[in-house]
Amino acid sequence: MSKQPIGIFDSGIGGLTVVNKLRMLLPHEHIIYVGDTKRNPYGSRTPEEILSYTRDILRFMTQQQVKLVAIGCNTVTATAYPIVRREVPYPLIGMSRGMYTAQKISTTKTVVVFATELTIANHSHRKEALRIDPQLTVIEQSCPLLAGLIERGHLQDQAIINPIREYVKPILNTMADTAIFGCTHFPFVQELFEAFSYDRLAFIDPAHEMALETLNVLKQKKLVNTDDKQGSLRLYFTAEAQRGGRLASHLIPANEFTICQLSL
Ligand code: DGL
């Protein structure tokens with residue numbers, strides 16, 4: 001069983017930020033990734049739609065005989081995860097919120113979360129903060145345009161610069177000293193977030209916490225792959241697989257993955 005792949009999925013390329021961190025920590029694991037590029041972005045869809053898409057992807061993961069699935073998507077974690085977590089025969093891990101890291105580094109105890117509309121509407125980061133440290137203040141900033149733009153390859157141009165500037169600006173008038181990427185797409189444009197925050201915010205990519213949590217679950221369940229060769233990485237996209245591959249190569253060398261088209 002430990003030789004079976006790990007499944008990771010997202011509405012598109014965002015969850016690759018999790019794949020990237022996971023491969024650093026667990027280089028021998030085989031990974032199957034699904035990016036639902038046909039139905040992206042998820043952040044402006046209804047919770048019912050997301051539940052149905054999540055079930056489609058988990059069905060595929062079950063057919064692939066994965067040993068565990070890590071959800072590389074905050075929007076799915078905030079909506080469908082509590083419902084589907086007991087529907088599958090393998091461990092299913094929801095996207096980390098990054099709140100443990102934020103709690104450690106914020107001196108003002110004020111943290112901003114940049115996320116999709118649906119994740120913000122769900123207040124999932126605020127709920128997590130209340131659970132781990134009621135002293136933390138969480139400022140919620142919805143960024144409805146970003147995931148779709150990043151998905152279409154706008155990583156540096158004016159189309160993405162303007163909304164990022166607008167989303168960050170009001171935060172500079174608050175006590176926030178720490179920012180969490182509450183959408184897995186956003187680390188693709190971390191440099192722009194940093195540029196418009198003028199060194200006032202320390203940015204946290206929760207993919208790191210997520211990779212550690214995945215490692216812990218694998219250890220607990222005795223599912224760590226102990227092979228000594230590099231694990232394979234297969235990227236499935238439900239539309240425009242070549243574009244997905246091109247964007248993936250911003251994070252992961254192109255000769256380290258294969259790309260496949262998937263219809264769900
Ligand atoms: N990357 C996903 C998230 O973390 C989804 C973004 C979207 O499709 O709107 O929320």
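In listed order, ligands and their atoms are each counted from 1. Every value quoted in this text rests on a predicted model; they were computed, and no experiment measured them.
- Of all the atoms in ligand 1, the ones that sit under 4.0 Å from a non-hydrogen atom of A147 are 6 (C), 7 (C), 9 (O).
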Test side-chain hydrogen bond (donor to acceptor under 3.5 Å, both in side chains) on Y81 and T54 and set out the steps. CA-CA 9 Å; Y81 175 61; T54 301; over 6 Å; no
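- Among A78, P206, S11, the residue whose heavy atom lies closest to atom 5 (C) of ligand 1 is S11.
- In this structure a side-chain-to-backbone donor-acceptor pair under 3.5 Å is missing from T17 to P187.
- Of the protein's heavy atoms, T75 OG1, 2.5 Å lies nearest to atom 10 (O) of ligand 1.
- For ligand 1, one of its N or O atoms has an N or O atom of Y42 under 3.5 Å away.
- Each of the following atoms of ligand 1 lies closer than 4.0 Å to a heavy atom of N40: 8 (O).
- Placement of V34 and L22 in two distinct hydrophobic clusters is found when ILVMFWY residues are connected by side-chain heavy-atom separations under 4.5 Å, directly or transitively.
- Annotation: G43 places an N or O atom under 3.5 Å from an N or O atom of ligand 1; distance criterion only.
- Atoms of ligand 1 found under 4.0 Å from any heavy atom of T116 (numbered from 1 in listed order, with element): 6 (C), 9 (O), 10 (O).
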Q) Would S2 and N225 count as a side-chain hydrogen bond (donor to acceptor under 3.5 Å, both in side chains) if you check the C-alpha gap in whole Å, the side-chain angles of each, and the deciding distance to 0.1 Å? A) CA-CA 5 Å; S2 64; N225 189 341; 5.2 Å; no
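- M24 and I6 fall into different hydrophobic clusters, where Ile, Leu, Val, Met, Phe, Trp and Tyr side chains are chained together by heavy-atom contacts under 4.5 Å.
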Note to self: Y42 vs D36, test: side-chain hydrogen bond (donor to acceptor under 3.5 Å, both in side chains). Steps then yes/no.
What the structure shows: CA-CA 9 Å; Y42 278 9; D36 193 4; 2.5 Å; yes
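- Heavy-atom separations between G12 and ligand 1 are all 4.0 Å or longer.
- Near D10, meaning under 4.0 Å from one of its heavy atoms, ligand 1 places the atoms 1 (N), 2 (C), 5 (C).
- The closest donor-acceptor contact from the side chain of K127 to the backbone of N122 lies under 3.5 Å.
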